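Have a look at the structure below before the remarks.
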Amino acid sequence: MSTTDEKLTKSFYDRISHSYDMIADSNEHVAREKGLAALAIQEGEAVLEVGYGTGHSLVALATAVGSTGKVTGVDISDGMKTVSEKRVSEAGLADRVELTVANTPPLPFADDSFDVVSMSFTLELFPLETIPTMLAEIKRVLKPGGRLGVVCMALPKEGEKDSFLEKTYKWMHQHFPHIVDCQPINATSFLEEAGFTLTVDDTMEIWTMPVAIVVGTTPA
């Protein structure tokens, strides 16, 4: 992603941070919650959320890791950080959550830092050529045997056709990428090519568009 694209993306998410839940979360929350359930977060784990948005998953993750665990978040938007900090604080979980703002990749964390990395409707925001680099960074910061959970817009299965809404969405992404910034991806292939072993590979639909719920592990 070029510096100009990063600035435009950051500016866009800063502007919509206080209204994002009304725009998107009502459609995304079911898939996001299924993705978190598939990760099976354990008490005491260290978890990284890439693209924490308005902080709904941060609250769920911080609750799951308990008082002995830690949740770290990285997002491109200062506006999202402000909204998320308020949500986490109101949930009484601020002592176990640390949020940062950074353009990624790279990830601003040391090797082998986390038991789990979670991404919900984030991986598909990266240009296709950047996704392998992003996944390599995630492998770097995961501990041996660590888990990556991805919830993302997916491509139709082989033999299936795009729905009308999916075709419209792809057209909008091609012509107005800073407004419709997600693009459906084959998360399964990306994770396998990055060296993850898949333990969960499910699909659901949001408004006729397929959404992938994938969990992969790094070598122990």
Side-chain angles (χ1 to χ4, degrees), residues 1 9 20 23-41 47-54 56-58 60-61 64 73-76 104-105 107 114-139 141-142 146-174 177 180-218:
M1 190 181 295
T9 300
Y20 183 83
I23 296 169
D25 191 69
S26 60
N27 296 326
E28 296 177 354
H29 75 93
V30 173
R32 187 184 70 242
E33 289 164 8
K34 285 187 176 182
L36 292 178
L39 270 172
I41 304 297
V47 180
L48 171 64
E49 169 116 30
V50 180
Y52 49 77
T54 55
H56 290 283
S57 291
L58 292 172
L61 291 167
V74 60
D75 197 285
I76 196 173
T104 59
L107 290 169
F114 303 102
D115 300 292
V116 179
V117 174
S118 177
M119 303 179 79
S120 292
F121 298 102
T122 300
L123 189 61
E124 66 268 50
L125 299 179
F126 293 95
L128 294 178
E129 64 272 15
T130 304
I131 291 176
T133 304
M134 190 69 221
L135 292 175
E137 275 290 281
I138 289 171
K139 282 187 71 179
V141 302
L142 275 172
R147 313 188 300 284
L148 166 63
V150 174
V151 176
C152 67
M153 295 185 63
L155 296 169
K157 293 185 182 296
E158 188 173 349
E160 296 180 356
K161 295 182 179 180
D162 286 345
S163 67
F164 173 77
L165 185 57
E166 180 110 343
K167 290 178 181 177
T168 302
Y169 199 97
K170 287 180 177 179
W171 186 90
M172 289 290 290
H173 172 75
Q174 180 180 358
V180 179
D181 53 354
C182 297
Q183 57 184 326
I185 62 172
N186 188 337
T188 298
S189 292
F190 274 118
L191 264 68
E192 288 179 333
E193 289 169 6
F196 288 89
T197 299
L198 298 190
T199 58
V200 176
D201 187 5
D202 292 334
T203 306
M204 61 173 290
E205 286 190 353
I206 295 179
W207 298 107
T208 74
M209 295 188 293
V211 173
I213 300 169
V214 182
V215 176
T217 61
T218 60

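Throughout, residue positions are numbered sequentially from 1 according to the sequence presented. None of these values were measured; they are calculated from a predicted model.
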I206 and M153: side-chain contact (heavy atoms from CB on, under 4.5 Å), yes or no, with the steps? CA-CA 9 Å; I206 295 179; M153 295 185 63; over 6 Å; no

Could you give me the CA-CA distance, side-chain angles and deciding distance for V211 and F121, then say whether side-chain contact (heavy atoms from CB on, under 4.5 Å) is met? CA-CA 9 Å; V211 173; F121 298 102; 4.0 Å; yes

Between [X] (side chain only) and [Y] (backbone N and O only), is there a donor and an acceptor less than 3.5 Å apart?
| X | Y | result |
| --- | --- | --- |
| R147 | L39 | yes |
| E124 | T122 | yes |
| T218 | G146 | yes |

Which heavy-atom pair separates [X] from [Y] by the least distance, and what is that distance?
| X | Y | answer |
| --- | --- | --- |
| G35 | I213 | CA-CG2, 3.7 Å |
| G53 | D75 | N-OD2, 3.0 Å |
| T133 | P105 | CG2-CG, 3.9 Å |

Which distance, rounded to the nearest 0.5 Å, do you find between the CE of M134 and the CG of L107?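 Between atom CE of M134 and atom CG of L107 there are 4.0 Å.
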
Atom pair OG1/CG of T130 and L135 - distance to nearest 0.5 Å: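 Reported value, rounded in 0.5 Å steps: 11.0 Å.
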
Kindly indicate whether the side chain of [X], heavy atoms from C-beta on, has any atom under 4.5 Å from the side chain of [Y].
| X | Y | answer |
| --- | --- | --- |
| L61 | L36 | yes |
| F126 | T104 | yes |
| K139 | L148 | no |
| L128 | Q183 | yes |
| K34 | D202 | no |

Sole residue of L155, V150, L123 in side chain to side chain contact (heavy atoms under 4.5 Å, CB included) with I185: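 Result for side chain to side chain contact (heavy atoms under 4.5 Å, CB included) with I185: L123.
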
I need the single residue from I138, V214, T188 that forms a side chain to side chain contact (heavy atoms under 4.5 Å, CB included) with F196. Which is it?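 Exactly one pass, corresponding to I138.
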
Listed partners of F114 passing ring-ring contact (aromatic ring centres under 6.0 Å, His included), at least two apart: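 Once residues adjacent in sequence are excluded, the partners of F114 under the ring-ring contact (aromatic ring centres under 6.0 Å, His included) criterion are F109.
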
S57: which residues meet the side chain to side chain donor-acceptor pair (under 3.5 Å) condition with it, sequence neighbours left out?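 Partners of S57 under the side chain to side chain donor-acceptor pair (under 3.5 Å) test: R32.
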
